[in-house]
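Every chain is numbered from 1, with letters handed out A, B, ... down the list of sequences.
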Amino acid sequence: MPPADETAPANASGLAARALAASAARRPYLEGLNAEQREAVETLDGPVLVLSGAGTGKTRVLTTRIAHIIATARAYPSQILAVTFTNKAAREMKLRVGLLLGEVAEGMPWLGTFHSIATKMLRRHAELVGLRPDFTILDTDDQIRLLKQVIAAENLDEKRWPARHFAHLIDSWKNRGLAPDKVPPGEGMAFGNGKGVKLYGAYQERLATLNAADFGDLLLHVITIFRAHPDVLGLYHERFRFILVDEYQDTNVAQYLWLRLVAQGRRNVCCVGDDDQSIYGWRGAEVDNILRFEHDFPGAKVIRLEQNYRSTGHILGAASALIAHNQGRLGKTLRTDAEDGAMVTVTGAWDSQEEARLIGDEIEALQSKGHALSEMAVLVRISAQMREFEDRFVNLGLPYRVIGGPRFYERMEIRDALAYFRIVTQPADDLAFERIINTPKRGLAEATLSLLHNHARSARVPLLRAAEALAQSEELKPKPRVSLRDLLIAISGWAERLENGTPHTEVAAQILEESGYTDMWKADRSAEAAGRLDNLKELVRSMEEFPDMRAFLEHVALVMEASDGEDEDRVSIMTLHGAKGLEFETVFLPGWEDGLFPNQRALDENGRAGLEEERRLAYVGITRSRRNAKIYFATNRRLHGLWQSTVPSRFIDELPQAHVEVAEGEAGYGAPRHAPSRFDNLPAFAASTYATPGWQRAQARQRMAEEASARGTGMRGRGAAGGFQNRIIEGEVVASSIAQGAGFIMGERVFHQKFGPGVVAAIEGNKLTVDFDKAGRKMVLDSFMQKAG
DNA sequence: ATTAGCATCCTTTTT
DNA sequence: GGATGCTAAT
């Protein structure tokens, strides 16, 4: 369908006249922009690359540019293509453009994520790649289940060739714009006894039969269409007078190819990005796209935004010096007019628990001084670090919010419910049918399913149709036959109700009730069951915003998010990746230890490029803060269930002395007291907490083990602390030895990190039986107990 | 058909 | 440590 749903301004001279008239008018939205920003906003014609450092007003430039285009009547909102990576960014941009123009602009139909815009295009031309316009979008889970079938169909051992691995491989091909026939022969050999490419092709065929596309297809199919049908591409050249791209450093090859095809029309393309904030290399982002820009769009104007409006001097100084250790940068020099403010602090902790304790205390201290919790964030390298902070904050009663947990639509109960909705609206959706056929349990498992599969394959019909035929025949035993028939009757009943206009939310609720799905969770005694039922209610409630079931499912596939109270005052806990684009007054950066951050695996797999990406991550972390950045490391951390002693991150050594200070720990917490350049000397604690006999014994044990390993394997690692690297201390040993001389007595009030306050009920060696006020009676190691005042 | 118990694997995350 | 996924037992 050609994109001709609105009339373009009648002709060029009409446009020019209006532009002239408008340019004479006042443009309040330009006020307050600095010279570089203003240039980035006003350079409308031809390709523009904006290199925008952290906190330099990138979003402001983008939104103002859009407002400028519209206000000067250079194009209608519907003639502007604006692409972001996340729905959140798209929403924010929409909102801010609206604010700038004061409600004048009706929604911009082509402002969205790469994927949502590609989907919109693909639905219009689906038949050109063998899909129907109402194709289903599969998520990763569906994708993997489908791949399992494809792999099994080739008689390959699923264990040797895991579907998950293959899914990554296919994604990486799709991210590079490679259809099955374009994959370099060598690469396909690596999987499935050399059948990689064949399997990829089989998978694509299955997708077509299912009338489905995975996330990678959305872009890839559109690229295929654009290449094979210049007339279709021409429609979009005609339409899009201006193109804007956010976070350009994160584009992968497919996105780049797509963009280049669309932008080669009028060449009014403006990309905004920061090579120093490229942190998605591992999922196919190509920083080189920034360098290629000038090559592909000759005569491109490059504008640097270097005035930082976010952070104080010390924070900017520390971050800039750190990132300067990277080679292969385009290079920017950020400057600020802000005061120096507080230095970046570095604090050492004995272990990760103490680290969490220190941060918790500091947050409470700030809070009591009147700082908002919503202005503080804990930014971790890996999600596994989050639990420790959650535990600690629960104990302190600090409200917190974890950002980037499992997404709402990825939860089991939501996916199950959606599968029901899908099969009702999309009879060909075999994956949905398979998901719900025996959920809740109706005695339709493997045996029945394989019978269905055989039928479906030989008759070349979807599973649902095969099931209908089978339910009439004698092939099934009476029991499964009856329950299959009941299910089919129910499904067609629901479909009918949707057809004849029963509100979709009502039908949805009925589906969940009548299928027995909610009953299944009501009968479940496990702790999460109640939450799952809530989620289901929330799901049905959220459907109200959509006109019908189909629109709802479309939305869900691409955008669905949990809506937890964003406006409450809470500390945020999130990964460094999740923090990109956000800012806080105070940022806590725990876990700066070699191996964790920079992450060992990034180093192993990608060498120096990996290290540089980790360093950019560190840079992103520090530059999230407006006033305070607080870095932490622990000398002992439990990884994969084992205690390991760790070495402070090399990034700490790279921080400039002029902007960084070593924090004095709270009394008794044993913060190291030495110069920042001497972090390698750890562990060298002399603080009182660790001067207990038990701890000294543990140290002696460490030394013995160390000497033993030195004799056995020779010295390794670096410097004086080298011997401590990679050494494993069993949790029990450390814990019980610290406990020596703890001297608890019966009836004593005690406190436990996890269970809270309680009373000692019995003592057995180093094990205490404690009646906790909240958690009841528990047996715990005394080393985990503290005496309560 | 269901489930308990055992082995295995551990970044980062969007769509 | 803990989630996940498979085997083996009921």
Side-chain angles (χ1 to χ4, degrees), chain A residues 83-90 112-119 122 137-144 148 157-159 162-165 168 171 174-175 213-220 247 250-252 254-255 278-285 352 379-388 391 403-407 409-410 412 438 440-449 479-480 483 554-561 574-581 591 595-606 610 613-614 616-618 620-621 637-644 730-731:
Chain A
V83 218
T84 64
F85 272 83
T86 64
N87 292 300
K88 202 170 141 206
T113 63
F114 275 100
H115 287 85
S116 68
I117 286 169
T119 305
L122 187 53
I137 299 168
L138 300 187
D139 62 22
T140 324
D141 225 69
D142 292 323
Q143 192 188 3
I144 284 170
K148 273 191 182 148
D157 182 7
E158 275 182 60
K159 260 179 249 149
R164 193 165 285 280
H165 177 198
H168 282 302
D171 274 349
K174 289 185 176 173
N175 283 342
D214 65 19
F215 282 122
D217 282 339
L218 298 175
L219 275 157
L220 191 56
E247 305 279 17
D250 288 337
T251 48
N252 61 35
Q255 287 157 339
S278 162
I279 54 176
Y280 285 110
W282 50 272
R283 70 176 194 211
S352 50
L379 309 183
V380 297
R381 176 62 183 83
I382 62 171
S383 345
Q385 287 171 264
M386 291 180 177
R387 176 177 298 270
E388 209 123 32
D391 284 354
I403 296 177
R407 252 146 267 305
Y409 63 86
E410 280 169 2
M412 192 202 315
N438 204 27
K441 304 273 185 287
R442 353 182 127 80
L444 300 171
E446 223 172 298
T448 317
L449 201 58
K479 235 192 205 156
S483 67
E554 164 88 33
H555 169 84
V556 153
L558 289 169
V559 238
M560 188 91 168
E561 286 163 40
M574 65 184 102
T575 62
L576 287 161
H577 285 92
K580 190 158 80 138
L596 180 63
F597 190 37
N599 189 271
Q600 190 58 48
R601 193 152 157 186
L603 267 42
D604 291 345
E605 284 172 12
N606 292 308
E613 182 154 315
E614 294 286 301
R616 290 195 290 269
L617 208 42
V620 167
R637 186 172 294 274
R638 194 156 52 190
L639 270 175
H640 314 316
L642 297 168
W643 283 98
Q644 303 209 205
E730 281 174 52

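- Residues forming a salt bridge (Lys or Arg N to Asp or Glu O under 4.0 Å) with A:Glu388 (at least two apart in sequence, or on another chain): none.
- Every residue two or more places apart in sequence or in another chain was checked for a salt bridge (Lys or Arg N to Asp or Glu O under 4.0 Å) with A:Arg442, and none qualifies.
- Not counting sequence neighbours, the partners of A:Asp250 by the side-chain hydrogen bond (donor to acceptor under 3.5 Å, both in side chains) test are A:Lys580.
- A:Ile403 is linked by a side chain to side chain contact (heavy atoms under 4.5 Å, CB included) to A:Arg401, A:Ser572, A:Met574, counting only residues two or more places apart in sequence or in another chain.
- By the side chain to side chain contact (heavy atoms under 4.5 Å, CB included) test, A:Asn252 is found to be paired with A:Asn175, A:Ala254, A:Gln255, residues two or more places apart in sequence or in another chain being considered.
- Checked options A:Leu122, A:Val83, A:Leu219; the residue passing with A:His115 is A:Leu219 (criterion: side-chain contact (heavy atoms from CB on, under 4.5 Å)).
- For B:dT12, the O4'-C1' to base torsion is more than 90° from 0; the nucleotide is therefore anti.
- Across every non-hydrogen atom of A:Ala579 and A:Leu379, the tightest pair is CB-CD2, 3.7 Å.
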B/S/- contact track for nucleotides 3-10 of chain C, protein heavy atom under 4.0 Å: S-SSS---
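- Nearer to the 5' terminus of DNA chain B, by closest-nucleotide assignment, is the contact made by A:Arg442 (compared with the other of A:Arg442 and A:Leu218).
- Looking at the side chain of A:Ala447, the nearest of the listed nucleotides B:dT15, B:dA1, B:dT13 is B:dA1.
- Between A:Asp171 and A:Thr448, the residue anchored nearer the 5' end of DNA chain B, judged by the nucleotide with its closest heavy atom, is A:Thr448.
- Atom-to-atom, CD of A:Gln143 to P of B:dT15 comes out at 16 Å; the value is rounded to the nearest Å.
- In this structure, the CD atom of A:Gln644 is 14 Å from the P atom of C:dG1, given to the nearest Å.
- Scored by the side chain to side chain contact (heavy atoms under 4.5 Å, CB included) test, A:Glu605 finds A:Arg601 as partners (sequence neighbours excluded).
- Contacts of A:Asn438 with the nucleic acid, taken as non-hydrogen atoms under 4.0 Å apart, involve only primed sugar atoms and P, OP1 or OP2.
- Computed from coordinates, the A:Leu122 CG to B:dT15 P distance equals 18 Å when rounded to whole Å.
- The distance between atom CG of A:Asp142 and atom C1' of B:dT15, rounded to the nearest whole Å, is 14 Å.
- Taking the side chain of A:Lys441 as heavy atoms from C-beta on, and the options B:dT15, C:dG1, B:dT2, the nearest nucleotide is B:dT2.
- Using P as the reference atom, C:dT4 and B:dT13 are 16 Å apart when rounded to the nearest Å.
- Across the protein-nucleic acid pair, A:Asn252 atom CG and B:dT13 atom P stand 18 Å apart, rounded to whole Å.
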Please write out the pairs of protein N or O atoms and N or O atoms of nucleotides 7-12 of chain B separated by less than 3.5 Å, giving the distance to one decimal.
residue	atom	partner	partner atom	Å
B:dT12	OP1	A:Ser383	N	3.1
B:dT12	OP1	A:Ser383	OG	3.1
B:dT12	O4'	A:Arg381	NH1	3.2
B:dT12	O2	A:Trp282	NE1	3.3
B:dT12	O2	A:Arg381	NH2	3.1

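- Here the CG-CD1 distance, from A:Leu218 to A:Ile117, works out to 12.0 Å after rounding to the nearest 0.5 Å.
- In this structure, A:Asn87 places its CG atom 17 Å from P of B:dT13, rounding to the nearest Å.
- Remark: C1' of B:dT2 and CD of A:Glu446 are 12 Å apart, rounded to the nearest angstrom.
- Listed by chain and residue number, A:Ala384, A:Gln385, A:Leu596, A:Asn599 satisfy the side chain to side chain contact (heavy atoms under 4.5 Å, CB included) test with A:Ile382 (two or more places apart in sequence, or in another chain).
- Following rounding to the nearest Å, A:Glu247 (CD) and B:dT15 (P) show an atom-to-atom distance of 12 Å.
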